[in-house]
> 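What follows is a structure written as structure tokens; I'll ask about it next.
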Amino acid sequence: MSAVITVAPTGPLAMKSDNPSLPTQPHEIADAVASAYRAGAAVAHLHLRDEHDRPTADLGIAQRTIDLIAERCPILVQLSTGVGLDVPFQERERLVELRPRMATLNPCSMSFGAGEFRNPPQDVRRLAARMRELGVKPELEIYDTGHLDACLRLRDEGLLDEPLQFSIVLGVRGGMAATADNLFSVVRRLPEGSVWQVIAIGRANLQLTAIGLALGGNARAGLEDTLHIAKGELAAGNQPLVERAVALVSSVGRTVADVAQAEHDLRLPR
Ligand code: KMH
Ligand code: ZN
């Protein structure tokens, strides 16, 4: 069975002072994504930054980044509509108008580290409906068990089409802790036929990514989720983290999905 590897090169929080290899500007992100693609990633999960490296939902920056990536490789683009904690929902949701193949949908508000991640129910419904109209596949971000129930309600309201695609996010302060028990309890409750991956933040990234792959899930790799490749050792970019995920995929007897296989496995519209 193949496994889709998504590279998450930048994220909303880290700065170059945390890891100098963090790509923040469009050409840096495009170069990082292209090397991740060559290493085995089939999907790129993107957060954009402005010229001061602050999270932004600027459509021009997003389109420029997408264009630079397309010049370099045919990886599938997934835009984050999480964007950054200080960016208003009304700006974040506009990103789907660029019609990426996928975009994230964060179903609930929550504490997020020292900050607050605001996803009001009516705004989430409106975004889900718009994504459906545009044919942008939502990746549903589950940071806690109740977030799964919120997604199932959206499905029951006809706002999400099956098969649902989930990220099980473990280790955000404010969400579920990064434990195998928490992962099992969510996986057990996913609707039959769902597509899912583990997003394991910080120290448990390697172990929980491995467990997710062994259970039949997909994998995410990159500096958004961990700045380190080993204890006390900064990752020298996104490529080594993708290479590590590739090694995990083969060590559990699976193959790495190329772009065509990923389009099939993720049941992408179009
Ligand atoms: N940053 C991760 C904890 C999103 O960008 O919308 C979750 C994430 C969601 O990647
Ligand atoms: Zn993200």
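Every number for a ligand or one of its atoms is a count from 1 in the order of the listing. Residues: numbered from 1 along the sequence shown. All values derive from a computational prediction rather than experimental measurement.
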> Hey, is the main chain of Glu141 close enough, under 3.5 Å, to the side chain of Ser167 for a donor-acceptor pair?
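Between the backbone of Glu141 and the side chain of Ser167 there is no qualifying donor-acceptor contact (under 3.5 Å).
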
> Apply the test salt bridge (charged side-chain N to carboxylate O under 4.0 Å, His left out) to residues Glu28 and Arg49: give CA-CA distance (whole Å), side-chain angles for both, the deciding distance (0.1 Å), then the verdict.
CA-CA 11 Å; Glu28 293 175 338; Arg49 303 287 180 96; over 6 Å; no

> Find all atoms of ligand 1 within a distance of less than 4.0 Å from any non-hydrogen atom belonging to Gly82, and give their numbers and elements.
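Reading through ligand 1 atom by atom, the close ones are 6 (O).
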
> How about Leu215 and Val198: do any of their side-chain heavy atoms sit closer than 4.5 Å?
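A side-chain contact under 4.5 Å is absent here.
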
> For the pair Arg130 and Glu97, find out whether any cationic side-chain nitrogen is under 4.0 Å from an anionic carboxylate oxygen.
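The answer is yes: the pair qualifies as a salt bridge.
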
> Going by chain and residue number, what protein N/O/S atoms come nearer than 2.8 Å to the Zn ion (ligand 2)?
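His45 NE2, His47 NE2, Glu224 OE2, with waters left out.
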
> Within the structure, is a non-hydrogen atom of His47 found at a distance of less than 4.0 Å from ligand 1?
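His47 counts as a contact of ligand 1 under the 4.0 Å cut-off.
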
> Could you check whether any side-chain N or O of Thr104 sits under 3.5 Å from a backbone N or O of Thr81, counting only pairs where one atom can act as donor and the other as acceptor?
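Yes; at least one donor-acceptor contact below 3.5 Å.
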
> Note the single closest protein heavy atom to atom 5 (O) of ligand 1, along with its residue, its atom name and the distance in Å.
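Looking only at protein heavy atoms, the one closest to atom 5 (O) of ligand 1 is Ser80 OG, 2.6 Å.
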
> Please check: side-chain N/O of Asp258 versus main-chain N/O of Gln261, any donor-acceptor pairing under 3.5 Å?
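Yes; at least one donor-acceptor contact below 3.5 Å.
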
> Do any N/O atoms on Tyr143 end up under 3.5 angstrom from N/O atoms on ligand 1?
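It does not: no N or O of Tyr143 is found under 3.5 Å from an N or O of ligand 1.
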
> What atoms of ligand 1 come closer than 4.0 angstrom to any heavy atom of Val172?
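Under 4.0 Å from Val172, ligand 1 has these atoms: 3 (C).
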
> Applying the side-chain contact (heavy atoms from CB on, under 4.5 Å) criterion to Asn119, which one of Val124, Leu105, Leu127 satisfies it?
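When Val124, Leu105, Leu127 are each tested with Asn119, the side-chain contact (heavy atoms from CB on, under 4.5 Å) holds only for Val124.
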
> Tell me if a side-chain donor or acceptor on Arg244 pairs with a main-chain N or O of Ile229 at a distance below 3.5 Å.
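Checked: pair present.
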
> Are any of the N or O atoms of His45 closer than 3.5 Å to those of ligand 1?
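Indeed, backbone or side chain, His45 has an N or O that close.
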
> For ligand 1 and Thr81, I'd like to know whether there is a polar contact (N/O to N/O, distance under 3.5 Å).
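In this structure, Thr81 places no N or O atom under 3.5 Å from an N or O of ligand 1.
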
> Could Asp225 and Arg220 be called an ion pair, given the rule that one side-chain N must be under 4.0 Å from one carboxylate O?
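Yes, this pair counts.
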
> Is it true that Arg92 lies under 4.0 Å from ligand 1, counting heavy atoms only?
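Under 4.0 Å: no for Arg92.
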
> Apply salt bridge (charged side-chain N to carboxylate O under 4.0 Å, His left out) to residues Arg118 and Asp123 and explain how you reach the verdict.
CA-CA 10 Å; Arg118 285 177 290 277; Asp123 292 349; over 6 Å; no

> Examine the side chains of Arg92 and Asn106 and answer whether a donor and an acceptor come within less than 3.5 Å of each other.
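Checked: Arg92/Asn106 side chains show no N/O donor-acceptor pair below 3.5 Å.
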
> Please work out, at 4.0 Å between heavy atoms, whether the side chain, the backbone, both, or neither of Asp225 comes within that distance of ligand 1.
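Near ligand 1, Asp225 shows nothing, with every heavy atom at 4.0 Å or more.
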
> Within the 4.0 Å heavy-atom shell around Glu141, which atoms of ligand 1 are there?
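Those qualifying, in numeric order: 7 (C), 8 (C), 9 (C).
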
> Applying a heavy-atom cut-off of 4.0 Å, say which part of Val83 lies close to ligand 1: side chain, backbone, both or neither.
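Near ligand 1, Val83 shows nothing, with every heavy atom at 4.0 Å or more.
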
> Enumerate the atoms of ligand 1 whose separation from the nearest heavy atom of Val169 is less than 4.0 angstrom.
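Listed by number with element, the hits are 3 (C).
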
> What protein heavy atom is closest to atom 2 (C) of ligand 1, reported as residue, atom name and distance in Å?
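Nearest protein contact, heavy atoms only, for atom 2 (C) of ligand 1 is Glu224 OE2, 3.5 Å.
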
> Taking atom CZ of Arg173 as the centre, report whether more than 12 heavy atoms of other residues, nucleotides or ligands fall under 6.0 Å from it.
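12 or below, so no.
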
> Just jot down the ligand 1 atoms closer than 4.0 angstrom to any heavy atom of Arg220, in number order.
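Once the distances to Arg220 are compared, the set is 2 (C), 10 (O).
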
> Tell me: protein heavy atom nearest atom 6 (O) of ligand 1, and distance?
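Here the nearest protein heavy atom works out to Thr104 OG1, 2.7 Å.
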
> Taking Met102's backbone N and O only, do any of them form a donor-acceptor pair with Lys137's side chain (distance below 3.5 Å, no angle check)?
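Not confirmed, Lys137 side chain does not pair with Met102 backbone.
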
